[in-house]
Every structure is written in C-alpha cells, then in structure tokens.
Engineer: 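Structure in structure tokens, see below.
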Amino acid sequence: MKRYVSITCDFDLAIGKANLNEIVYRLKKHRDSLMLRMLKEILVAYDDLIMERLTQTKIYPSKMRKGPGRHVRKDDAEKRFCRGRKVYRRGYRDRKIKTVLGVLDMRVRMAECLTCGSRYSPLLNALHVAPYCRKETNIEHEVTEAVIDTNYRRLIEGRSIDISLGGVHNIVVGSDIDKAFQKDIPAEELYGIMADGTGVKQHKGSKGELRTVIGISQQGRVVPLGSFVNTSWPEIENVVKERIKGTADRPIPFVYDGEPGLDDFLSGTAEVQRCAWHAPRGLYHALWEDGLKKKESQPQIDKVKQLVGIELPSGDFEILKEEDKEPVRNRYEKSKKEVQELISTFYEKGYQKGASYLENLSKRLFTNIELWLSTGIIAPKTTSLIERVFREIGRRLKRIAWGWSDAAVTNLSKMILIKQYAKDKWEQFWKEKLGIKGYFNIQIQTVEINLCPTF
Ligand SMILES: [Zn+2]
C-alpha cells in the first residue's frame, strides 16, 4: 500500500536580513511537531484502510482480512483470540498516544465484532498499543538512551514526556537487558579478559560495589562479559565461566589491577598473565634436571631474560605513532625467532627438560607484547582499556544512579557497556524489542518551493 504525504508550509523571509541561524532556529522549532502531525495523518489513513477491510467483506476476501482485526473474544476469561473478522462501525473514541515525538491526540475508529460482539479499536490493535498500556516501548527506548547519555532531563522537558525519576528507574529495572546478551562467547574470539570493581553510591548514600568483567576481542574491541553489583567474585566467576565456551588455541590472558580475591579468577578458562620475568628461574630448574651446572645454564638463562625483556613505551597507546610501535614489533619478531632457535639448540644438545620447558613457555612468553601490539593493553598491569571502561561507567553512574537499587545499577552498567562497546548488538536489541521488521518505510520524494497562491 503506497500513499503520498504532502506538507505545505509557508515562510516569510526578509530579503537580505534573514541569516542562517534564524532560519535553522525556526525550522528546528517545527521538527517534532511536524513529525507528530505526519504521524497523525499516517495513522488516520491506516485506521481507514483497516476499517475498510473489516467492513467491506465483499470486496476483500478473508485472506486479506487475516492480519487486521485480531482481538480477544468478548468476556473470555482465558483471553483467547476471536476468529471473527467482520465488524460494524461503532464511531470514534478519543485516544492519547505517547510517542517520543510528543503526545498524539487522535480519534480512533471503534469496531464491533459480528461474531463475539466485542468492541475494540482495530487501529490500536494493529499498532500494538494496548487500550490501557502504561509502559510503551517507544518511550522506553528513548528514555533508556537518554539515561545512558545522562541527558534524560532534557529529553523529558523538551518533549513533554511525562515521566518522573521514579518512572525512569522503573524502566531501567524493568528492562529485559539481563535476559538479552546472554549468548555464549567462543573462547577463541577472546584475546584477553579483564575485571575490576568500583564503588557506587546507592540507596540513602550507602556504598555499593560494582564489578565488571570484559573481554577483548581479536580485533581489540570490548566484549562485555558481565556486570554485577554487590556480588562476590566466586559468584561472578561462575557466571562468566558459564558464558565462555570452547577453548582457545592459546591461553587467554586474564589481566587485572591488583584487586584482592582475583588471583585465581577464571582459572581453567583463562591464564592469569604470568610475569615473564619469572620464566628464567624455571629454566634454571629444568636445565638442572638435564644435568647442567649453574655456570653452564647461566648464559642460557641470561639469553632468555634478554629475549623476554622487551620494554613497552609508556604513555597512552592511542596517541602513539606507528613508528613508535615499530621497534617493539621488530624486537618481538626477532625474539620469537631466537626462542625457537634456542629450543632447537637445546634439543640438539640433548637438553630434553630444558627444551620442553621453553617450548611450553614460548606459547605465552610474548602474550603481553602481542596484546599490547593489537590493543594497547599493558599486561599484567592493565592501564588504558579497563580503566577507560570504568571511567565511562563510573562517570555516568555517579551522575544518574544516586540512590538506585542493585537491579537498576546492574542493568544500567550493562546498558552503558553494551551501548558503548557493542553498538551493533545494542541496535539489534532495540530493533527486536520495538518490532522493527521493515513493514513501514518512508522516503522524502521532493522538497520544492512554490509561489504562494495568493500572489
Ligand atoms: Zn470477535
């Protein structure tokens, strides 16, 4: 079904005096109200089209009446749907519909079912606006986004959306965000895992603890793994472990910033980033088992020490130039090769224990360098990424979550994480929630100026 919308506006322009600011300023004032009026016209047309189908049963075969006219059978305690698709017209009813563009005041057509006698509005049914629906997802989306961006006050005031802070709280708590985004994460996609905690102010100024676990993908992107309020680390560990499926071909470093209680976090799933500087000590022991004396093994140990001691430039990774990363990359590649050569030498000399120790070690000897080269994270001392993530969450939570419950803070921190770091998933989530499936599209055809007919 295709229709045209025509819009007629008139403007008055003082030639040579009107400037850009004034023109834009005036246009902006009409933005929402213009859309609201268009919406109203579209809905009136929609209402007429549905009613025509439900009443003109001779013109429209039952197949064409299948979609519209769905309603609950009159006085049915079990709320079963009626099969009837023929109706009488029963006038209009005034109805206010809340939208993000503003509140729409319109008359909707009423119908009476020939089969069961139920009176209903076919338009509201088609729009999925229940007769006494208090929670409208249309607003929920905007409010949620506004809360995350900490500008919900402006949204509410600017668009006369009548919602209190308590209402915002209810939307956040009632969100099904905790049911979404629970998909398993394949271990091989993760390049690293991090966790940290931060204090949040809650009800009556009491202090809560927000804990967040994130993964870093192979592409260096943040993969939210979980956000928790006032939850113990072992509980968090269980939830996160449950979500990570399969095994990676190399250990996933788990990086954390000295948080007590995280020393064995995710053991079996991730590898706590071990200090590469301790590696030579282990080699001494292995070579001793191969029968080497200290003075024989010392040069080998020094060699490994030197190979793993790649210094990383300090400072923020993002502002480093490629040429600053280049020396690290070169040295990393050279060192990797030399470790392999050393392993071969050990085998040649018959140092079985030393060779297999080094071979085993070599798989994660440079994990921190590889991690840094692709993400800028300095392991095991995390600097940029998780701290930035936490600053992001903390800044927003501090401004909006004062006095909020555990459930609200948990949901909110999840939303902030997902909106910020998994934009495509966030959009997909809302598209599904809002039921956007491509059943309505609108394009601007032409915008042109015509002379005023009274000229
Ligand atoms: Zn009926």
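As the structure lists them, so they are numbered: ligands from 1, and atoms in each ligand from 1. Since we're looking at a predicted model, the values are computed, not measured.
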Engineer: About how many Å separate CG of D10 and CG of N450, when rounded to the nearest 0.5 Å?
Structural biologist: 12.5 Å
Engineer: Who passes side-chain contact (heavy atoms from CB on, under 4.5 Å) against F11, sequence neighbours left out?
Structural biologist: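 With neighbours one apart ignored, the set is L13, I449.
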Engineer: Test of understanding: with side-chain hydrogen bond (donor to acceptor under 3.5 Å, both in side chains), list the residues that count as partners of E326, not counting sequence neighbours.
Structural biologist: R329
Engineer: Anything protein N, O or S sitting under 2.8 Å from the Zn ion (ligand 1): count it and give me the total.
Structural biologist: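 Those protein atoms number 4 in total.
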Engineer: Decide, yes or no, whether a salt bridge links D48 with R109 under the criterion of side-chain N to carboxylate O below 4.0 Å.
Structural biologist: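 Judged by the 4.0 Å cut-off on N to carboxylate O distance, D48 and R109 do form a salt bridge.
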Engineer: Identify, with sequence neighbours excluded, every residue that meets salt bridge (charged side-chain N to carboxylate O under 4.0 Å, His left out) alongside R90.
Structural biologist: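 If we apply the salt bridge (charged side-chain N to carboxylate O under 4.0 Å, His left out) test to R90, skipping adjacent residues, the hits are E112.
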Engineer: Using the ring of F81 (Phe, Tyr or Trp, six-membered ring only), decide whether R70 places NZ or CZ under 6.0 Å from its centre and within 45 degrees of its axis.
Structural biologist: yes
